[in-house]
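Here is the structure we will look at, set down as structure tokens.
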Amino acid sequence: MNAPLLRGLIALAALAAATAFSGPAAAATTPKVLVAEFENDVNPVTQEYLLDAIHRGEEEGFEAVVIEMDTPGGLGSSMRDIVKGILAAKIPVIVYVAPSGASADSAGAVIGMSADVLAMAPQTNIGSSTPISIGGEDISKDLRRKVVNDAAAYIGELAREHGRNAAVARRMVTVATNLGAREALEKNVIDVLATDYPDLFRQIDGMKTEPKGLTISTPPDTTIERIQMSTWKRLLDLLIDPNIIALMLSIGLIGIVVELWNPGLIFPGTVGAISLIVGLYGLQVLPVSIAGLLLMLLAAGFFVAEAFIVSHGALALAGAITFVIGALMLFDPAGDAYQVSLPVALAIAGTLMLLFGFALTKAAQARRMPAAVGAHRLVGEPGEVRGGLVFVDGELWHAQSRDGSPLVPGESVVVEAVDPEDMHLVVGSAETAPPIPAERT
């Protein structure tokens, strides 16, 4: 084989190999964007969900992560952790307030300002980020000035660093300004107004983000992968509802007390322990008021004491009132979005008052009564002598007379005592027996 022919065959083989490997490689470079649906409030559970989405976008080579936002706001601590996660992300993070009718209020607006790209769909709004007090009302005087200035500086700095209107962003905090999508675009509060994802990708393709300097690549063939909160995350999100927490703590208290009063039932104790643990999880996740927690513990003490002390319902009533006050105060630090509703608190307190004030009082009375089983219950019972034995309460017992005289078959007797050593009865004649009390315990 001559040299020119050999070189030609080698060139053809190289071309075929390049063609074979170029197809998959080209397909693998098709840009893909991860869209995390976020229609919820800002709390520790949703915080973990969004940070996990950003981490997944980085690990799996997504071009960008889009947070599709519709939120009323939430906890400031969770908001700041999400902001830190977005600022530290190595890929572009886009906040897209969508679909139409959605909003990015309060903490949502601050999260939006931290995004590499802040976009909104038509007929959406953003703003109203004024902090509220631990009870949900406006903060006043010196504390208000301190907290508001801090929040205004925070959102203003985020807006400035991302090339947006810092003055308007600060007014979202200081005067609770809220803007529609078109007005927000006109005032340079947001970067893009997009009707859908193709429109969004078309407008941001090739954009260089501030301040990270990342270049976004979202050509027309960009693919989307959507994710939602898992069932487990949704369950955890449900379990941090203050009303559910109050209910779980109450069920836990009832179950454990019932189990203590009736050892061996197992079911009440099991349900009570599980409910108590679930309630404590919520207390761990959400910020709580120490005063509210102490009032709840005091209420539990009142309810349990009602079963031991004859107070004619006074302790149960005190427990119910203390429970309602404690429940309403319990989640004050979490803000207005996380409060036990008054109807729920009243319903739980009323149920506890009835249960501990009536059922457990009856149980305590029953525990103070002598046992209804055993030989001692026969004292005072009438019997009949039958062939050296005495027939009492359907049973034949060994017996002896009180004065040592022999027992006469057919004679009617009354049980006067039970000898604890050899378990035989001491009886007397029915005619000479002392009168039996009308009620015996």
Side-chain angles (χ1 to χ4, degrees), residues 30-39 50 53-54 57 62-71 79 82-83 85-87 89-129 155-172 177-227:
T30 301
K32 55 181 181 177
V33 171
L34 183 65
V35 176
E37 298 180 11
F38 177 43
E39 186 179 359
L50 292 179
I54 295 173
F62 285 89
E63 181 63 32
V65 173
V66 177
I67 300 175
E68 187 178 286
M69 179 178 289
D70 182 10
T71 180
M79 172 200 75
I82 294 172
V83 168
I86 292 175
L87 296 178
K90 298 178 177 62
I91 60 174
V93 178
I94 303 163
V95 169
Y96 183 30
V97 185
S100 296
S103 65
D105 294 323
S106 192
V110 180
I111 294 172
M113 286 298 166
S114 70
D116 297 298
V117 176
L118 176 54
M120 297 178 69
Q123 303 178 66
T124 57
N125 62 283
I126 186 171
S128 299
S129 299
I155 193 173
E157 186 65 15
L158 289 173
R160 182 181 297 106
E161 288 297 308
H162 289 81
R164 304 183 188 113
N165 192 326
V168 175
R170 289 178 60 91
R171 285 199 292 273
M172 291 181 179
T177 297
N178 202 302
L179 305 175
R182 297 188 185 281
E183 185 181 5
L185 182 64
E186 292 173 0
K187 294 185 176 181
N188 191 32
V189 174
I190 65 173
D191 305 309
V192 174
L193 176 65
T195 57
D196 52 25
Y197 278 100
D199 185 23
L200 173 65
F201 292 161
R202 178 183 59 79
Q203 295 189 58
I204 66 175
D205 185 27
M207 179 183 294
K208 190 172 184 179
T209 67
E210 296 183 41
K212 296 179 184 176
L214 302 173
T215 301
I216 302 175
S217 176
T218 52
D221 61 342
T222 300
T223 59
I224 294 176
E225 181 176 337
R226 303 182 72 92
I227 59 172

For the atom pair [atom1] ([X]) and [atom2] ([Y]), what is the distance rounded to the nearest 0.5 Å?
{"X": "T218", "Y": "R202", "atom1": "OG1", "atom2": "CZ", "answer": "10.5 Å"}
{"X": "I86", "Y": "L50", "atom1": "CD1", "atom2": "CG", "answer": "7.5 Å"}
{"X": "T223", "Y": "K32", "atom1": "OG1", "atom2": "NZ", "answer": "7.0 Å"}
{"X": "I111", "Y": "L118", "atom1": "CD1", "atom2": "CG", "answer": "11.5 Å"}
{"X": "D221", "Y": "T30", "atom1": "CG", "atom2": "OG1", "answer": "5.0 Å"}
{"X": "N165", "Y": "I190", "atom1": "CG", "atom2": "CD1", "answer": "12.0 Å"}

Are the side chain of [X] and the backbone N or O of [Y] linked by a donor-acceptor pair below 3.5 Å?
{"X": "N188", "Y": "G163", "value": "yes"}
{"X": "D70", "Y": "S103", "value": "yes"}
{"X": "D199", "Y": "T195", "value": "yes"}
{"X": "H162", "Y": "P211", "value": "no"}
{"X": "S129", "Y": "S106", "value": "yes"}

I want to check something: taking the side chain as every heavy atom from C-beta on, are [X] and [Y] in contact at a cut-off of under 4.5 Å?
{"X": "Y96", "Y": "I67", "answer": "no"}
{"X": "M113", "Y": "V110", "answer": "no"}
{"X": "D116", "Y": "I94", "answer": "no"}
{"X": "V95", "Y": "V117", "answer": "no"}
{"X": "P220", "Y": "P198", "answer": "no"}
{"X": "T209", "Y": "K212", "answer": "yes"}

What are the two closest heavy atoms between [X] and [Y], and how far apart are they?
{"X": "A104", "Y": "M69", "result": "CB-SD, 3.7 Å"}
{"X": "M120", "Y": "L179", "result": "CE-O, 4.5 Å"}
{"X": "E63", "Y": "P92", "result": "O-CD, 3.3 Å"}
{"X": "Y197", "Y": "E68", "result": "OH-OE1, 2.6 Å"}
{"X": "G156", "Y": "A166", "result": "O-CB, 3.5 Å"}
{"X": "P122", "Y": "A181", "result": "CA-CB, 4.4 Å"}

Could you walk me through whether R164 and V189 pass the side chain to side chain contact (heavy atoms under 4.5 Å, CB included) test, one step at a time?
CA-CA 5 Å; R164 304 183 188 113; V189 174; 5.9 Å; no

Are E183 and K187 close enough for a salt bridge, meaning some N to O gap below 4.0 Å?
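So E183 pairs with K187 through a salt bridge.
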
Does this structure show an ion pair linking E37 with R226, if we count only N-O contacts that are shorter than 4.0 Å?
yes

For L200 and V192, what are the C-alpha separation, side-chain angles and deciding distance, and is it a side chain to side chain contact (heavy atoms under 4.5 Å, CB included)?
CA-CA 7 Å; L200 173 65; V192 174; 4.1 Å; yes

Enclosure of Q123 CD (heavy-atom neighbours >12, cutoff 6.0 Å)
no

So V33 and V65, side chain to side chain contact (heavy atoms under 4.5 Å, CB included) or not? Walk me through it.
CA-CA 6 Å; V33 171; V65 173; over 6 Å; no

For M172 and I126, what are the C-alpha separation, side-chain angles and deciding distance, and is it a side chain to side chain contact (heavy atoms under 4.5 Å, CB included)?
CA-CA 9 Å; M172 291 181 179; I126 186 171; 4.1 Å; yes

Does either side chain, that of N178 or that of S128, offer a donor lying less than 3.5 Å from an acceptor on the other one?
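Yes, S128 and N178 have a side-chain donor paired with an acceptor closer than 3.5 Å.
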
